[in-house]
**Student:** 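Supplied in structure tokens, the structure appears directly below.
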Amino acid sequence: EDKVVQSPLSLVVHEGDTVTLNCSYEVTNFRSLLWYKQEKKAPTFLFMLTSSGIEKKSGRLSSILDKKELSSILNITATQTGDSAIYLCAVLSYGGSQGNLIFGKGTKLSVKP
Amino acid sequence: KAGVTQTPRYLIKTRGQQVTLSCSPISGHRSVSWYQQTPGQGLQFLFEYFSETQRNKGNFPGRFSGRQFSNSRSEMNVSTLELGDSALYLCASSSGTFVTEAFFGQGTRLTVV
């Protein structure tokens, strides 16, 4: 059965800290890995990774995919209270024609002032 | 451009009733996927529609069904509601091309009493 596992499940840090969130997957017909940030309801898209070893970067956030290790990390540097959210990792798999997103349970990040 | 719009935002239903949720995707997007999010299970894929055809389905009972109209708007129906159907229902739209990120709506919070 396809699965995506995120760790840690929750994390409490102080402003200014750097955090690393982990995502590992066992998915047949892997196509891409996506990271989302969910603050209240709608998950908002952060990154999509399809190629191994290529870092995607947006401001203080960055992510990289390791297809050999079947994993990805999301780094957040100089954390701010506004980074507090649930971070979701999802893998796009192909079953049938287009596929669906298989989500991990998420990492709940709390950034204390 | 406008984002993904889900209606209603909140619903309270009693066991045994049925419910219909609506999702209007981003203009030009032809793929709509539905997800159920609960604290215990996280985000789980229900089904995906593309050009009015269901092209992928998750592991949910037949009480969960959906459809897509020619303008790409989609509806999801749950019949014979159970307490366990209480959840946040999210829909996501994507352009439907080969590999693409999905953009989520704000969700419909369904409470079954």
**Student:** Side-chain donor-acceptor pair under 3.5 Å between S31(B) and E48(B), yes or no?
**Tutor:**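 Present: a donor and an acceptor within the cut-off.
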
**Student:** Go through the atoms of Q44(B) and report whether side chain, backbone, both or neither lie under 4.5 Å from a heavy atom of chain A.
**Tutor:**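 No part of Q44(B) comes within 4.5 Å of chain A.
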
**Student:** Less than 6.0 angstrom from the centroid, inside 45 degrees of the normal: does K41(A) satisfy that with respect to the ring of Y10(B)?
**Tutor:**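 Yes, K41(A) and Y10(B) form such a contact.
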
**Student:** Where does Y35(B) contact chain A at under 4.5 Å (heavy atoms): side chain, backbone, both or neither?
**Tutor:**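 When you check distances to chain A, only side chain atoms of Y35(B) fall under 4.5 Å.
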
**Student:** Could you look at I102(A) and say if it's the side chain, the backbone, both or neither that has a heavy atom under 4.5 Å from chain B?
**Tutor:**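 Looking at I102(A), nothing touches chain B.
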
**Student:** Which atom names give the shortest non-hydrogen contact between Q6(A) and K105(A), and what distance separates them?
**Tutor:**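 The answer is OE1-N, 3.9 Å.
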
**Student:** Testing the 3.5 Å rule here: is there a donor-acceptor pair between the side chains of R30(B) and S51(B)?
**Tutor:**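 Yes, side-chain donor-acceptor contact under 3.5 Å.
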
**Student:** Under 4.5 Å from any heavy atom of chain A, what part of L90(B) do you find: side chain, backbone, both or neither?
**Tutor:**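 When you check distances to chain A, only side chain atoms of L90(B) fall under 4.5 Å.
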
**Student:** Less than 6.0 angstrom separating the ring centers of F45(B) and F47(B), yes or no?
**Tutor:**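 No - the distance between ring centres of F45(B) and F47(B) does not fall below the 6.0 Å cut-off.
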
**Student:** Please look at Y36(A) and chain B and tell me whether the side chain, the backbone, both or neither of the residue comes under 4.5 angstrom of a heavy atom of that chain.
**Tutor:**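 When you check distances to chain B, only side chain atoms of Y36(A) fall under 4.5 Å.
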
